[in-house]
Undergrad: 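Take this structure first; my questions come after.
Note that the numbering runs from 1 along the sequence shown for the chain. Remember, it's 1-based here, ligands and their atoms both numbered in the order they're listed. Side-chain atoms are counted along with the backbone in the values below, which use heavy atoms only and exclude waters and symmetry mates.
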Amino acid sequence: MESVRNRTVLASGFHAPALGEAERLDDILIRVGRDGVIADVVRPGDGPYAAALEGAREDGTLVDLPNGTFILPGFVDLHIHAPQYPQLGNALDVPLEVWLQKYTFPIEARYADTAFARRAYALLVDDLIGCGTTTAVYYGTIHDEANRLLADICIEKGQRALIGKVAMDEPSNCPDYYRDKSVAEAVAGTSGLIEHIRNHPDNREKRVLPVVTPRFIPSCTDDLLSELGSLAAAHDCHVQTHCSESDWEHAFVRERHAMSDTESLDRFGLLRAGSVLAHGVFLSASDMERIRLREAAVAHCPLSNAYFGGAVFPLRAALAKGVRVGLGTDISGGPAPAMFDAMRDAVMASRMLESGVDPAAAPVERSKNAGARIDFREAFHLATAGGGAALGLPIGVFAPGYHFDAVLIDPSAPLGMLRLWPDLHEGDQALQKIVYTASRPNITGVWVGGETISQIQP
Ligand code: GUN
Ligand code: ZN
């Protein structure tokens, strides 16, 4: 499959620009510019359609995607710990604060070994691209060389990515063998990575961006949090961290700072437009309002919340308040790397929140959250347009001005789990089937900025 830069793509599929509405796109023409940005989208009912189709055919710029395939916006994973990929599917038997010390800091410490980092990061980026993640928001480690390597690998493989050096200097919560030795060291590592990414000769289109990354309040000193807030402002940079993730973490911050995570991050200047707060399970209404006002966002990671959260993120309440929300896998706190799983898990978590979980209670008492559920359309929106809006990037929608980041779904891929019965799958029911049953072999093409970065030949 060729690059579609400076081409017109004839395709069918879906996108979900607005929450709750999935638009079926039949035989649309998407004209992609030389820069990989969508110049226009023409639908069969539109006046210029016939001329645009004929013109592209005549000048040899038409890319006619195979009949029966579906094009979707590429998926945006707002929360990934890149170094934790080797332990995906292991080590989920203990609470967060034990998991970090017992399993996670030891695996992350191994990225001092650059050869290990290269192997693990190349595998991760390939696997995520294969699963349709066109934009990935990554935590690295404390190691400058391994962080630069992760950026180089994303640039080389063409994945859109935000990459941060994990900053963590608080001796009481970070072990000697895996800790920034000083505020100055953590700040130097962070600004060094910002420079490496922004000045990278092969990153001229800014497909890879830096992100200031205090791990979370418990692992950082106040001095470091304050320096990182200033650095984010000085460099006009995205921020990512964890916020109100678990009972332990939420209570820890209250105890240390006598305020909520959200309030505390805000006073350090870490709540900015494009800040991504992972989890937010215990956000209060006023925390949500603050996040909305700052134009920051929540990365909802439903599977990880099941292991570490101790409760379900009130997604519907956050959306109703106008908070920007996208989805995250939280590799490896969430042991599933594909955004298909994040969508399915988001629906399931919302259903359980709505129904309640105590079978001994009568239905009216069991359910304390009427209206909490989301459906496949909303999950799909969050995984695409929602993620794009959270980051303030023009991705996740097929519309003029947006990057052509897309996946091609082939229901006839023999090894895939998607089996469509055309008479059963009219309207957006085909999308429902894709969201709930498609698997990696069904993703036969992946584009970022109009360039093919993965392809499975039929
Ligand atoms: N809180 C601080 N660090 C981590 C991490 O690596 N994973 C998760 N899920 N939560 C965290
Ligand atoms: Zn995390």
Undergrad: Please identify which atoms of ligand 1 are closer than 4.0 Å to at least one heavy atom of Leu96.
TA: 8 (C), 10 (N), 11 (C)
Undergrad: What do you reckon, is CD of Glu145 surrounded by more than 12 foreign heavy atoms closer than 6.0 Å?
TA: no
Undergrad: Within a distance under 4.0 Å of any heavy atom of Asp330, pick out the atoms of ligand 1 and give their elements.
TA: 8 (C), 9 (N)
Undergrad: For Gln84, take its heavy atoms, then give the atoms of ligand 1 lying under 4.0 Å from any of them.
TA: 5 (C), 6 (O)
Undergrad: Using the Zn ion (ligand 2) as the apex, give the angle to atoms NE2 (His79) and NE2 (His242), rounded to 10 degrees.
TA: 100°
Undergrad: Is the distance between the ring centroids of His79 and Tyr139 less than 6.0 Å?
TA: yes
Undergrad: Could you check whether any heavy atom of Trp99 sits closer than 4.0 Å to an atom of ligand 1, since that is the contact criterion I want to use?
TA: yes
Undergrad: Strictly distance-based, threshold 3.5 Å: is any side-chain N or O of Asp169 a donor or acceptor partner for the main-chain N or O of Thr221?
TA: yes
Undergrad: Between the side chains of Asp126 and Lys157, is the shortest nitrogen-to-carboxylate-oxygen separation below 4.0 Å, so that they form an ion pair?
TA: yes
Undergrad: Does Asp266 reach the main-chain N or O of Thr262 with its side chain, forming a donor-acceptor pair under 3.5 Å?
TA: no
Undergrad: When you measure from atom 8 (C) of ligand 1 to every protein heavy atom, which one gives the shortest distance, and what is it?
TA: Glu245 OE2, 3.4 Å
Undergrad: Mind checking whether Arg215 contacts ligand 1 via backbone (N, CA, C, O), side chain (CB onward), both or neither, at a 4.0 Å heavy-atom cut-off?
TA: side chain
Undergrad: Name the option, out of Glu108, His81, His242, that contains the heavy atom nearest to atom 11 (C) of ligand 1.
TA: His242
Undergrad: Let me check your reading of the structure: within less than 2.8 Å of the Zn ion (ligand 2), is there an N/O/S atom from Asp330?
TA: yes
Undergrad: Heavy-atom distance under 4.5 Å between the side chains of Thr141 and Val166, does that happen here?
TA: no
Undergrad: Give the numbers and elements of all ligand 1 atoms closer than 4.0 Å to a heavy atom of Leu100.
TA: 3 (N), 4 (C), 5 (C), 6 (O)
Undergrad: Using distance only, find each side-chain donor-acceptor pair of residues 384-400 under 3.5 Å and give its atom names and separation, not counting sequence neighbours.
TA:
from   : atom 1 : to     : atom 2 : distance (Å)
Thr384 : OG1    : Phe380 : O      : 2.7
Thr384 : OG1    : His381 : O      : 3.4

